[in-house]
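Accompanying notes for the structure given below.
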Amino acid sequence: MKQFKTESKKLLDLMINSIYTNKEIFLRELISNASDALDKLSFEAVQKPELGIDQSKLAITLAFDKDARTITVSDNGIGMTQEELDNDLGTIAHSGSEAFKEENADHQGEDIDIIGQFGVGFYSSFMVAQKVRVVSRALGADQAYAWESDGVKGYSIEPAGEGERADANDHGTDVILYLRDSTEDEDTDQFLSEWGLKDLVKRYSNYVRHPIQMMVTKSRQKPKPEDAGDDYKPEYEDYQELETLNSMTPIWKKRQSEVEQDDYDEFYKSSFHDWEKPLRTISFHAEGALSYDALLFIPGQRPFDLYSKDYQKGLALYTSNVLIQEKCADLLPDYYNFVRGVVDSPDVSLNISRETLQQNSQLRAIARRVEKKIHSELEDMRDNAREDYEKFWENFGRGIEFGIYSSYGAKADDLADLLLFWSAKEGKLVTFKEYAQAMPEDQDKIYYAAGDARERLEKTPAVRSALDHGYDVLLCTQDVDEFMFQMMRNYHQDAVAGDSEHKGTDARDLELTNVASADLDFATEDEKKEAEKVTAEHQDLFDELKEDLGDKVTSVKAVAGLGDAPATIAAEGPVSLEMERVISQGPEADQAPKAQRVLQLNAAHPVFGKLVAAMDAGDKDRLKLLGSVLYDQALLVEGLPLEDPVEFAQNVTKLM
């Protein structure tokens with residue numbers, strides 16, 4: 001019995017129990033090692049044609065024995081000598097593959113694609129096995145040798161037993177895992193089945209470049225006997241067949257011109273469990289100092305849990321066709337969390353377990369390129385496939401808006417032109433740019449209204465007043481809209497060249513302005529003067545209404561341009577009515593800030609005459625009743641809750 005070299009016992013225990021967090025990856029590591037052995041043999045075959053190696057027969061074979069509780073991973077690769085078994089398996093963290101990779105770096109990616117880096121993947125076997133036996137015969141060797149260990153006491157190396165790789169041409173390696181018994185906390189039985197092994201191969205090693213084969217049980221109908229009667233019932237029999245479990249050639253390695261869109265759609269639906277094909281497919285490749293392949297998809301529908309705390313963003317990260325992370329969150333910004341896809345790079349620095357990544361410049365560089373590519377594709381969809389883009393926006397627009405808000409406006413310049421809003425004037429979705437291009441020459445603001453429903457917003461006095469005066473209003477119904485606008489403050493309109501028919505515009509910043517702001521007045525100068533005159537003449541009326549309403553409002557005043565609405569509620573200060581409504585529906589509603597409300601009265605409406613009459617008659621009770629009803633009606637129109645619905649109903653009854 002030999003002892004592991006270096007301070008091995010502690011290191012091996014650390015590796016088995018700490019480095020790897022997911023026990024099922026042991027098969028991925030063993031298959032990767034077998035793939036490296038086949039690549040090394042392929043390299044030898046190219047360098048030495050006289051060996052006569054038939055590369056078409058190179059393969060990895062899986063087998064299991066449920067009764068003996070063993071799993072065997074075999075390859076017909078280059079094999080290991082007795083010395084290599086001692087050095088590579090007896091010295092933890094010594095990687096023969098890494099040494100081979102360094103010695104033949106100029107050929108990497110041509111005839112070889114070595115996966116191994118750290119020399120520790122093999123030891124992940126001890127997470128599920130109580131004993132591991134490795135039988136290997138090196139290419140051209142006279143003898144096969146067996147390495148065996150329980151992962152605790154040490155290891156032994158001796159000539160292979162009778163029948164173990166006895167043929168001179170039987171080069172390669174068998175790794176036999178003797179699995180531990182299943183317990184309440186550890187289910188190893190799951191690996192002792194066709195389904196279990198096929199699932200692990202599909203999940204982690206589906207795109208390893210060599211075939212991974214296993215004898216599987218299938219069923220077929222027996223031939224119908226010649227003397228069978230009319231009542232014959234078909235009989236079936238089981239049989240064994242060698243099946244290739246992996247697809248080998250990843251679709252993302254192919255150029256987009258080589259793949260039909262139907263193939264991309266099928267890959268997307270099967271890989272990401274979606275029954276609807278993607279809206280867009282993005283395939284790109286990078287070569288040079290940092291090489292990688294990327295295949296991204298913009299889904300055609302929103303995942304049901306997209307906005308839940310359980311949703312996990314990220315792209316599948318592969319290195320040399322081997323899955324490292326199913327969802328690498330670092331490859332996507334939060335506002336593009338809906339994107340699904342794959343990134344495959346041999347250059348990304350991994351940590352020793354492969355399961356987590358080191359924070360490195362390569363990953364950040366890929367993430368930046370991925371973000372730019374997604375952004376470019378969305379712009380193209382917006383400009384050239386508007387129907388698709390509007391469908392995309394309905395599903396995922398809220399996340400992009402939240403990206404501007406959560407960055408405190410830092411991402412506004414990057415994302416603003418992706419935003420869509422409903423135009424009250426046009427009756428369709430428009431961008432900021434489209435809104436600005438259609439503005440009257442004297443307009444220097446972008447007007448919006450925020451609320452819970454477009455249909456209600458269209459009927460509010462503030463929106464109708466803006467439309468009546470020739471200004472369009474963006475109707476915003478996402479809960480994040482108002483908060484995003486507070487962070488953006490402005491939209492930067494680029495300079496637009498003019499021609500003989502259309503006047504151009506200089507670059508300028510357009511202030512984002514809520515039409516429900518008390519500081520905003522669309523009235524003409526004559527209308528404003530009339531409102532000021534009314535306010536001066538009836539100041540005692542407004543003071544009385546303010547006293548009756550108490551701290552519900554900060555002021556009461558007359559305004560012009562309200563059309564047929566008797567009154568409306570506006571807000572002044574940093575908190576808008578919509579912000580108050582959204583925050584009040586959250587978990588800290590009792591601490592929600594309140595908007596500074598202003599009750600605005602329409603002096604041209606007959607109801608105002610009723611107020612004046614009550615004031616002149618000294619009927620303060622009726623004036624208070626009318627003021628309360630007007631205030632509550634204005635709240636209802638704005639979609640805000642009544643503080644006392646019962647009182648409102650009683651007041652209406654009194655008026656009736």
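Along the sequence shown, the residues carry numbers beginning at 1. Computed from a predicted structure; not experimentally measured.
A perpendicular orientation is assigned to the rings of Phe483 and Tyr405, their planes being inclined by more than 60° (bins at 30° and 60°). Taking the six-membered ring where tryptophan is involved, the planes of Phe272 and Phe267 are perpendicular, since the angle between them exceeds 60° and thus also 30°.
Under the 3.5 Å distance criterion, with hydrogens and angles disregarded, a donor-acceptor pair is assigned to the side chains of Glu379 and His375. Between the side chains of Tyr491 and Asp417, at least one donor-acceptor pair of N or O atoms lies under 3.5 Å. Checking Gln362 against Ser345 by side-chain atom types alone, no donor-acceptor pair falls below 3.5 Å.
For the pair Cys328 and Leu315, the minimum side-chain heavy-atom distance is 4.5 Å or more. Between Ile374 and Leu332 there is a side-chain heavy-atom pair separated by less than 4.5 Å.
No donor-acceptor distance shorter than 3.5 angstrom exists from the side chain of Asn651 to the backbone of Leu625, with no hydrogens or angles considered. Looking only at distances, a side-chain donor or acceptor of Ser407 sits under 3.5 Å from a matching main-chain atom of Gly403. Under a 3.5 Å cut-off, the side chain of Ser628 and the backbone N or O of Lys624 do not form any donor-acceptor pair.
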I'd like to know whether Leu630 forms a side-chain contact (heavy atoms from CB on, under 4.5 Å) with Leu545, so could you lay out the CA-CA distance, the side-chain angles of the two residues, the decisive distance to 0.1 Å, and finally the verdict. CA-CA 11 Å; Leu630 282 175; Leu545 289 172; over 6 Å; no
If you apply the rule ring-ring contact (aromatic ring centres under 6.0 Å, His included), what do you find for Phe421 with Phe485, and how did you get there? CA-CA 12 Å; Phe421 304 99; Phe485 288 139; 5.5 Å; yes
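Checked against a 6.0 Å centroid threshold, the rings of Tyr448 and Tyr435 do not count as neighbours.
Going from atom CG of Leu599 over to atom CZ of Phe542 covers 9.5 Å, rounded to the nearest 0.5 Å.
For the side chain to side chain contact (heavy atoms under 4.5 Å, CB included) criterion with Tyr389, the lone passing option out of Asp383, Leu418, Thr431 is Leu418.
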